[in-house]
Amino acid sequence: IKALGGISAISQKQHNKLCSWINNQRRRLKDKCDGKLHRYSLTDEEERILVDELGIMEKAPSTRQQIMQRNVDEIKALGGIDAVSQKQNGKLYDWIKRQKSKIIHNRDGKMSGQSLTDEQEEILINELGILEKKVGTRRQIWQENVDEIKALGGISAISQKQHNKLCSWINNQRRRLKDKCDGKLHRYSLTDEEERILVDELGIMEKAPSTRQQIMQRNVDEIKALGG
C-alpha cells in the first residue's frame, strides 16, 4: 500500500485483494474499539501502523473501558449512585441500569462479547455499589456453582425444574468446553484448571477431544513418518 502511494491510490478494480484486506482491518479496528477481543485482535503496534502510517481509519473512538471509567468518575463527582436521576442524568441513569443487568448475567453465567470483565465488575460493585447486595466475581460464582452441584450429589441430581439456573450454567460450561476443544479461544475461555474440574470432578462432559493444535501435530508427525 505504501509503495502504491497510500490508501487513496487503492482501487477496487485494480487492487481487489488489497481492498478486501483494508476492509478487514477496518473491521478489526472497530472490534478493538468496541472491546470485542479475540485471538485475531489487533496488537497495539498493528493499530498504530494502520492508523498513523496508513490512515486506514481515524483514531479509534473511546473503548468500552475508557467509557466506563469516564462514567464511573462522573458518578463519583455527582456524589454516587443515589445522586443520579433519570430526569437530570438520563444517559448515566440508563448506563447504570445496563451495568446492573450485565452483573446479573455474569452471575448466571450468561457470557457474551458485551460481558463485564472481573475488573470492571469489581469497580461497579466495590467502588460504585451499583448492586446493594454485593455479588462475587465471575470466578467466585463459578466455584460456588461447582460446590453447589457437588453438595446436591453431582450432575445427575440436577433437574431443570428444581435447579433452573444451575442447569443453564452447566449448559454454558458444556459450550465453553466445546469451544476450547474446537480451538475457539476468547477472553472467557476455560482455564486448564477449570476444564479439569468440570471433566474430572463433575463429569460434565467426557474428556475433551483433541484440540486443533494436537490434531495438527499428529498429522505433521504422520506425514514425517510417511517420508514427507
K97 atom NZ: more than 12 heavy-atom contacts under 6.0 Å: no
K102 NZ to L124 CG distance, which is reported to the nearest 0.5 Å: 9.0 Å
Nearest heavy atoms of E127 and V72, plus distance in Å: OE1-CG1, 4.3 Å
Charged N-O contact under 4.0 Å between R176 and E195: no
Flag if over 12 foreign heavy atoms under 6.0 Å of CD, E222: no
Side chain proximity check, Q99 to Q120, heavy atoms < 4.5 angstrom: no
Distance (rounded to the nearest 0.5 Å) between I204 CD1 and L198 CG: 4.5 Å
Heavy-atom donor-acceptor pair, Q25 side chain to I22 backbone, under 3.5 Å: no
For residues 77-91, please give each side-chain donor-acceptor pair under 3.5 Å, one per line with the distance, not counting sequence neighbours.
from: S85; atom 1: OG; to: Q88; atom 2: N; distance (Å): 3.1
from: N89; atom 1: OD1; to: S85; atom 2: N; distance (Å): 3.1

Gap between atom CE of M68 and atom CG of D73 - 0.5 Å precision: 11.5 Å
Rounded distance (nearest 0.5 Å) linking atom CG of N71 with atom CD1 of I96: 8.5 Å
Shortest non-hydrogen separation from A9 to H15 and the atoms involved: O-CE1, 3.5 Å
Flag side-chain contact, heavy atom, 4.5 Å: W21 against N16: no
Min side-chain heavy-atom separation L177-R174 under 4.5 Å: no
Listed partners of Q143 passing side chain to side chain donor-acceptor pair (under 3.5 Å), at least two apart: D147
L190 CG to K178 NZ distance, which is reported to the nearest 0.5 Å: 13.5 Å
Expected output: side-chain Q162 to main-chain S159 donor-acceptor under 3.5 Å: no
I49-I10 co-clustered via ILVMFWY side chain contacts under 4.5 Å: no
From E201 atom CD to I149 atom CD1, the distance as rounded to the nearest 0.5 Å: 11.5 Å
